[in-house]
Amino acid sequence: MFSYTTKLFTRIYFTSLNHCSSLSSSSSLQLTRTRISNALQSRKPTLFDPCFQSNFVQQVLFSLRSRPTSASRFVEWSENVIGFNHIANSYSALCLILLAHRMFAPAQKVFDKMLERFWNLDVFSLLSEGLTTYNSNASTVFSFLLAQLCRNAMIDQSLSTYSKMSKMGIAVAPSAFRSMINLLVDSHCMDTILDMLEERRGGSGKGLKHCVYDFVMTCFVGNRQVEMGLCFHRNVVKRGLLPQTMVCNKILRTLCRGNSLDLATRFFYLLLDVGPKPNLVTYSTLIDAYCKHERLDLALKLYSSMVRSGIAPDLIVYSILIDGHFKLGKLEEGHRLLSEALEKGIKLDVVIFGSIIDADMRAGDLAKAIRVYSRMLREGISPSVVTYGILINGFCQKSQFLEAFGIFGEILKRGLEPSLEINSSLIHGFCKLGVLKDAFKLYRMMLYCGQVPDVVIYSVLTDGLSKKGQMDGALRFFFQSVKMGVRPNVYTFNSLIAGYCRLNQITDAMKVYAQMEKSSIIPDIVTYTLLLKAMTAGKRLDEAVALFFRMLKQYVPVDAMAYCTLMDGFCKQNKLKAALSIFDIMLRNRVSPDIAIYNVLIRMLFKECRLKDAIKLFLEVVEYGLEPDIITYNTMICGYCSLKMFNEALDFYETLSCGRVKPNIITNAILIDALCKDGRVDDAVLIFRRMLEEGPKPNVVTYSCLVDGYFKSHRVSNAFELFEEMLRNRIYPNIVSFSILIDGLCKRGLLEEALIAFHSAIESGLLLDVVAYAILIHTFCKVGRLTVAKLLLERMLAEGVKPDHLLQRVLAEYNLDGPAKGSQQ
């Protein structure tokens, strides 16, 4: 009867299954149940009898053993549609069918339902009974059982299952074993784990023992239970289960990578105390961690301990220590370690040599970098492209471009392909030299070789064109880079803005600024400072103020330089009140003024003859802890001189001479010029002679000031002597020097000598300005030599020098303004 019922029930099941999706109402379910009952009643079985159900379901599942999905759907269908109340055997059988086909996820759901209904069931025995029937693999089935028991935190059942598997010689799947260990770690069952390790001592379990140790320690570390991990290690060793050093090194690396340096140190010293003894890898791992955390003291201490224990450092240890020292700027110690390694015959590689060269280059010690490079070549180590790149970049940073190009030639000679960084450094070098032709030649070579220039290269070339004033070319190249898919950065836009600002084309600069916003590039403080500087220099203060307040409104972090730029613009337009208002805003916004800002304000206060305020502001500089620079002292001395307070200026000069900041050439020129203009030539001469003795040596400006002083005090012979002294000292006069000489000679009536000086200036290659021409023209007009004056005027106009308003008055007075007016028209 069972055979017939099974076949009939199976046939009805599959027929009904096709309509299951349409059975949505209770009446439909009842109809299906009625049909099945009527079909089975012809044989009179007791359909809902538990015993009948159990055997019946087992029969159907057995017939579906090769169709696991159908078997699963049958159990679900018979429960939901027919109303069967399945027993544990049915769930067990279905689990075995699913596991035989390695359908672990559906099997887990069945297991959970079985566990929910039959909590205290001996699942191990139940699964054992059906292993042969459903041709299931014992290791797969019981490993699955172990994993599910662990997942449900059933420690006793898990251990019992593991014990039975061990006794029966059934292999435990690694994933199931890890689940069990993880559960034991989480439950702090350390003794149980240790017992398991002892059971696995030696024999076939030897490998597993180290695997268990590794996994347990990893769990403790991962769960931040390092104290328990250290205790576990101590107990493992205490039981005579010494783990492999290699496994301990892995745990140490994990601790070091997790920024647990103190715990890594404790674990290392635990290994020293109880074993296994650290090897070279153990030491190098912890030394590396110390260096990365900038604890060179601990790294060197550990290095010394390693050497004392008889472990010789290798290439890796030396590389770590040398790199660690160089990264902290301890170059001498790094070079000492390099020498030590080479003396011991350790063959350092190109990477560590490159690291040393790079550190020396960054420290600005080019000579030492070259010596290391030479030593590398003597050791027979061929430089890599990276090494060449470090050298080229270092040479370019120091503006030693010939040396950089020499290294580049070496790369090409060896048949190596220059990297993007090398080409970028060289292009930058060419642009610094202003040799844009060669920069673009290298750029085109990159394209030919298939290299894709990055935004840095495009920005450098754009900047090079901008600095040359070739703004049309810079703009074309900018749009060419955009067309090639390069996204310009803020540096690119700043290069264009700076170029337009240098040409005083502020409208075009503002157009580039507007394009930045359209391109979603956020302007930085450099962008705004460039625009502010150009606007203030172009006397467009209203626009500068509007831009400044836009910066504040948009919460741009305005720095001291931006404030200084705007304040300097106001001061140059004699708007001290506005400058002080900006200064107040800066203080309210808690931006600390730098010394440049104080210099601007002090200069303006002296210009407004506000002596007390200037002195008060100078004292504030010292009070706020800022250190006055040479510009501050020069501003004070110049301010005193402008108010004819020469004694105070000289006192300040003496104070400066005794301080840390010494007078420079400008300081002396300010005093000499002011004293000469006030007729105190002898005092000026004293300062001049002091310069010759103590320095700084006088330059053409200093000589010119004193020559002018001699002429104005009618000491013509002294003026000539000083001018000749200047020439003997190979200090060549500039146009100002010749103008002073010509003016002095003219005032003494030495017109022929003045003309000789005039032609000497021309022969020296100097371009005479309107001042020199005006002196001569006015003098010759006064003595009635109008023909010479007219010839000088014609020459001036031919050279493109236009008369200023003073000269125009002279020309009008002597009826010589005709040629000048014609030239202007």
A.B. asks: Do Asp349 and Ile381 have side-chain heavy atoms sitting under 4.5 Å apart?
C.D. replies: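 No, too far: nothing below the 4.5 Å cut-off.
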A.B. asks: Can you name the ring-ring contact (aromatic ring centres under 6.0 Å, His included) partners of Tyr283, sequence neighbours left out?
C.D. replies: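 Checked Tyr283 against ring-ring contact (aromatic ring centres under 6.0 Å, His included); matches are Phe268.
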A.B. asks: Could you name each residue pair satisfying salt bridge (charged side-chain N to carboxylate O under 4.0 Å, His left out) that touches residues 268-290, not counting sequence neighbours?
C.D. replies: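 Listed once each, the pairs are Arg234-Asp273, Asp288-Lys292.
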A.B. asks: Using the test side chain to side chain contact (heavy atoms under 4.5 Å, CB included), find all partners of Ala93 that sit at least two apart in sequence or belong to another chain.
C.D. replies: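 Residues passing side chain to side chain contact (heavy atoms under 4.5 Å, CB included) with Ala93: Gln58, Leu61, Tyr134.
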A.B. asks: How would you list, by chain and number, every residue that makes a salt bridge (charged side-chain N to carboxylate O under 4.0 Å, His left out) with Lys301, sequence neighbours excluded?
C.D. replies: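 With neighbours one apart ignored, the set is empty.
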A.B. asks: Applying salt bridge (charged side-chain N to carboxylate O under 4.0 Å, His left out), which residue pairs with at least one partner in residues 93-112 are found, sequence neighbours left out?
C.D. replies: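 Listed by first then second residue: Asp112-Arg151.
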A.B. asks: Tell me whether Asn152 contacts the main-chain N or O of Met154 through its side chain, where contact means a donor paired with an acceptor under 3.5 Å.
C.D. replies: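 No; judged by distance alone, with no hydrogens or angles, the pair does not exist.
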A.B. asks: For a quick test of reading the model, state the closest non-hydrogen atom pair linking Met217 to Gly229 and the distance between them.
C.D. replies: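 Smallest interatomic distance, heavy atoms only, reads SD-O, 3.2 Å.
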A.B. asks: Quick one: does any side-chain atom of Ser160 pair with a main-chain N or O of Asp156 as donor and acceptor, under 3.5 Å?
C.D. replies: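 Checked: no pair found.
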A.B. asks: Among all residues two or more places apart in sequence or in another chain, which pass the side chain to side chain contact (heavy atoms under 4.5 Å, CB included) test with Asn279?
C.D. replies: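 Residues passing side chain to side chain contact (heavy atoms under 4.5 Å, CB included) with Asn279: Thr245, Asn249, Val281, Thr282.
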A.B. asks: Among residues at least two apart in sequence or on other chains, which ones pass ring-ring contact (aromatic ring centres under 6.0 Å, His included) with Phe353?
C.D. replies: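 Here no residue qualifies.
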A.B. asks: Just to verify, what does Glu294 make a salt bridge (charged side-chain N to carboxylate O under 4.0 Å, His left out) with, not counting sequence neighbours?
C.D. replies: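 Expected list: none.
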A.B. asks: So, using side chain to side chain contact (heavy atoms under 4.5 Å, CB included) as the criterion, who are the partners of Gln554 when residues are at least two apart?
C.D. replies: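 Only Tyr528, Arg550, Val556 meet the side chain to side chain contact (heavy atoms under 4.5 Å, CB included) criterion with Gln554.
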A.B. asks: Quick one: list whatever passes ring-ring contact (aromatic ring centres under 6.0 Å, His included) with Phe124, sequence neighbours left out.
C.D. replies: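 For Phe124, the residues satisfying ring-ring contact (aromatic ring centres under 6.0 Å, His included) (neighbours in sequence not counted) are Phe142.
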A.B. asks: Considering only residues two or more places apart or on different chains, which pairs with a residue in residues 248-264 satisfy salt bridge (charged side-chain N to carboxylate O under 4.0 Å, His left out)?
C.D. replies: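 The answer is Asp214-Lys250.
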A.B. asks: Residues two or more places apart in sequence or in another chain: which of them pass side chain to side chain contact (heavy atoms under 4.5 Å, CB included) with Arg117?
C.D. replies: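 Arg117 satisfies side chain to side chain contact (heavy atoms under 4.5 Å, CB included) with Glu79, Asn85, Tyr91, Lys113 only.
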